[in-house]
**Q** 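I have a structure I would like to understand better, so I am pasting it below and will then ask my questions one at a time.
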Amino acid sequence: MSIGAAEPRTRRMSAPERRALVLAAATRAFAKGGYSGTSTDAVAKEAGVSQPYVVRMFGTKADLFHAVFTRALDEIVRTFNDKLDTVTIDPSNPQFWAELGSAYGELVLDRDLLLVMLHGFATSTDDVAAVSRTAMSGIYTLLRERTGCTPEQARLFIANGMLINNLLAMMAPEHAEEDPALGELWGSVFSDSTAITLTGDESSSETDTVS
């Protein structure tokens with residue numbers, strides 16, 4: 001008598017894996033609906049779990065959004081730290097700022113993460129606003145302490161990042177060819193002129209003239 005092979009046992013997800021699954025689903029849901037327009041039931045449907053399960057894991061909708069928003073902001077800090085670990089730090093060099101800005105630009109091409117950040121910055125509840133303030137302060141401090149840049153350089157770099165956020169949110173790259181001014185603005189985001197503004201060094205943009 002032949003004995004069939006035993007079917008492989010399905011591995012149960014660990015608690016951290018289940019939490020990560022729900023957080024990923026919540027990121028997609030909040031990206032689409034924002035804080036006010038997203039319910040824990042919508043998150044549960046996105047994750048393929050029950051609504052009580054989401055509530056048991058995270059508590060209120062505010063608690064869940066807090067976790068999603070914090071996760072997105074932590075990813076920004078991780079991206080900057082990882083990039084700063086691999087580049088030659090020189091705040092007087094336009095190429096340094098271009099590389100750091102490109103790392104951020106690649107991160108926020110994740111549209112769900114981008115929209116969660118924008119929804120978070122626009123949400124005026126006290127707890128979410130506190131997360132925003134802490135994150136902004138932390139990113140500014142990271143730039144100042146790890147790069148040795150001036151306050152003005154840090155401010156301009158962060159301002160350029162916020163411009164990137166808004167241009168991507170309005171899908172400017174996809175429509176840049178339809179509007180020359182919009183295309184020029186988008187093209188300037190990672191241009192040499194932006195990096196030169198950060199360094200205050202215009203010598204690298206000068207070209208030889210022929211008399």
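In what follows, residues are counted from 1 in the order of the sequence shown. This is a predicted model, so every value here is computed, not measured.
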**Q** Would you say the side-chain atoms of Thr60 and Asp63 include a donor-acceptor pair closer than 3.5 Å?
**A** yes
**Q** Return the set of residues passing side-chain contact (heavy atoms from CB on, under 4.5 Å) with Ser36 (not counting sequence neighbours), or none when no residue passes.
**A** none
**Q** What residues, two or more places apart in sequence or in another chain, satisfy side-chain contact (heavy atoms from CB on, under 4.5 Å) together with Pro52?
**A** Ser50, Arg56
**Q** So which heavy atom on Thr79 is nearest to which on Ala103, and how close?
**A** CG2-O, 3.7 Å
**Q** Which is it for Val55 and Gln51 under the side-chain contact (heavy atoms from CB on, under 4.5 Å) test, yes or no, and what are the steps along the way?
**A** CA-CA 6 Å; Val55 173; Gln51 189 266 355; 3.4 Å; yes
**Q** Do Thr125 and Asp127 have side-chain atoms, one donor and one acceptor, less than 3.5 Å apart?
**A** yes
**Q** When rounded to the nearest 0.5 angstrom, what distance separates CG in Leu23 from CZ in Phe58?
**A** 3.5 Å
**Q** Could you report the tightest heavy-atom contact between Thr38 and Ala29, atom names first, then the distance?
**A** OG1-O, 3.3 Å
**Q** Please list, chain by chain and in numerical order, all residues satisfying side-chain hydrogen bond (donor to acceptor under 3.5 Å, both in side chains) with Asp110, sequence neighbours excluded.
**A** none
**Q** Going through the distances and angles, do Phe96 and Thr147 end up as a side-chain contact (heavy atoms from CB on, under 4.5 Å)?
**A** CA-CA 10 Å; Phe96 163 70; Thr147 72; 3.6 Å; yes
**Q** Would you mind writing out the side-chain donor-acceptor pairs for residues 112-119 within the sub-3.5 Å range, not counting sequence neighbours?
**A**
| unit_1 | atom_1 | unit_2 | atom_2 | d |
| --- | --- | --- | --- | --- |
| His119 | NE2 | Ala31 | O | 3.3 |

**Q** Going from CZ on Arg155 to CD on Glu152, what distance comes out if it is rounded to the nearest 0.5 angstrom?
**A** 4.0 Å
**Q** Is there side-chain contact between Trp186 and Leu168, with at least one heavy-atom pair below 4.5 Å?
**A** yes
**Q** Just to verify, what does Glu75 make a salt bridge (Lys or Arg N to Asp or Glu O under 4.0 Å) with, not counting sequence neighbours?
**A** Arg78
**Q** Looking at His66, is its backbone amide N or carbonyl O close enough to the side chain of Thr70 to form a donor-acceptor pair, meaning the two atoms are under 3.5 Å apart?
**A** yes
**Q** Do Tyr53 and Val22 pass the side-chain contact (heavy atoms from CB on, under 4.5 Å) test, and can you show the C-alpha distance, the side-chain angles, and the key distance before you say yes or no?
**A** CA-CA 10 Å; Tyr53 182 82; Val22 174; 4.2 Å; yes
**Q** Ignoring hydrogens, what is the shortest heavy-atom contact between Tyr104 and Gly161? Give both atom names and the distance.
**A** CE2-O, 3.7 Å
**Q** I'd like to check the salt bridge (Lys or Arg N to Asp or Glu O under 4.0 Å) partners of Glu17; sequence neighbours left out, ordered by chain and number.
**A** Arg11
**Q** Determine which pairs satisfy side chain to side chain donor-acceptor pair (under 3.5 Å) with at least one residue from residues 169-183, sequence neighbours left out, and list them in order.
**A** His175-Glu178
**Q** Let me confirm one number: the OG-CG distance from Ser102 to Leu107, rounded to the nearest 0.5 Å.
**A** 12.5 Å
**Q** Please report the interatomic distance CE(Met136) to CG(Leu73), rounded to the nearest 0.5 Å.
**A** 8.5 Å
**Q** When rounded to the nearest 0.5 angstrom, what is the spacing between CG in Asp85 and CZ in Phe80?
**A** 13.5 Å
**Q** State, to 0.1 Å, how close Lys83 and Glu99 come at their nearest heavy-atom pair, and which atoms those are.
**A** CE-O, 3.6 Å
**Q** Quick one: do Leu100 and Val87 satisfy side-chain contact (heavy atoms from CB on, under 4.5 Å)? Show the steps, please.
**A** CA-CA 9 Å; Leu100 194 59; Val87 298; 5.9 Å; no
**Q** Who pairs with Thr134 by side-chain contact (heavy atoms from CB on, under 4.5 Å), at least two apart in sequence or on another chain?
**A** none
**Q** Mind checking side-chain hydrogen bond (donor to acceptor under 3.5 Å, both in side chains) for Asn81 and listing every partner two or more places apart, or none if nothing turns up?
**A** Arg146
**Q** Do Leu142 and Leu84 have side chains that approach each other closer than 4.5 Å (heavy atoms only, starting at C-beta)?
**A** yes
**Q** Quick one: which residue pairs count as a ring-ring contact (aromatic ring centres under 6.0 Å, His included) with a foot in residues 29-51, not counting sequence neighbours?
**A** Phe30-Phe65, Tyr35-Phe65
**Q** Restricting to salt bridge (Lys or Arg N to Asp or Glu O under 4.0 Å), what partner residues turn up for Asp41, sequence neighbours left out?
**A** Lys45
**Q** Of all the heavy-atom pairs spanning Ser39 and Lys61, show the shortest one and how long it is.
**A** CA-CD, 4.2 Å
**Q** Looking at Arg111 and Ala169, what are the two nearest heavy atoms and their distance?
**A** NH2-O, 2.8 Å
**Q** How long is the span from the CG atom in Leu143 to the CH2 atom in Trp97, to the nearest 0.5 Å?
**A** 5.5 Å
**Q** For Leu163, give me all partners under side-chain contact (heavy atoms from CB on, under 4.5 Å), at least two apart in sequence or on another chain.
**A** Asn160, Leu167, Leu185, Val189
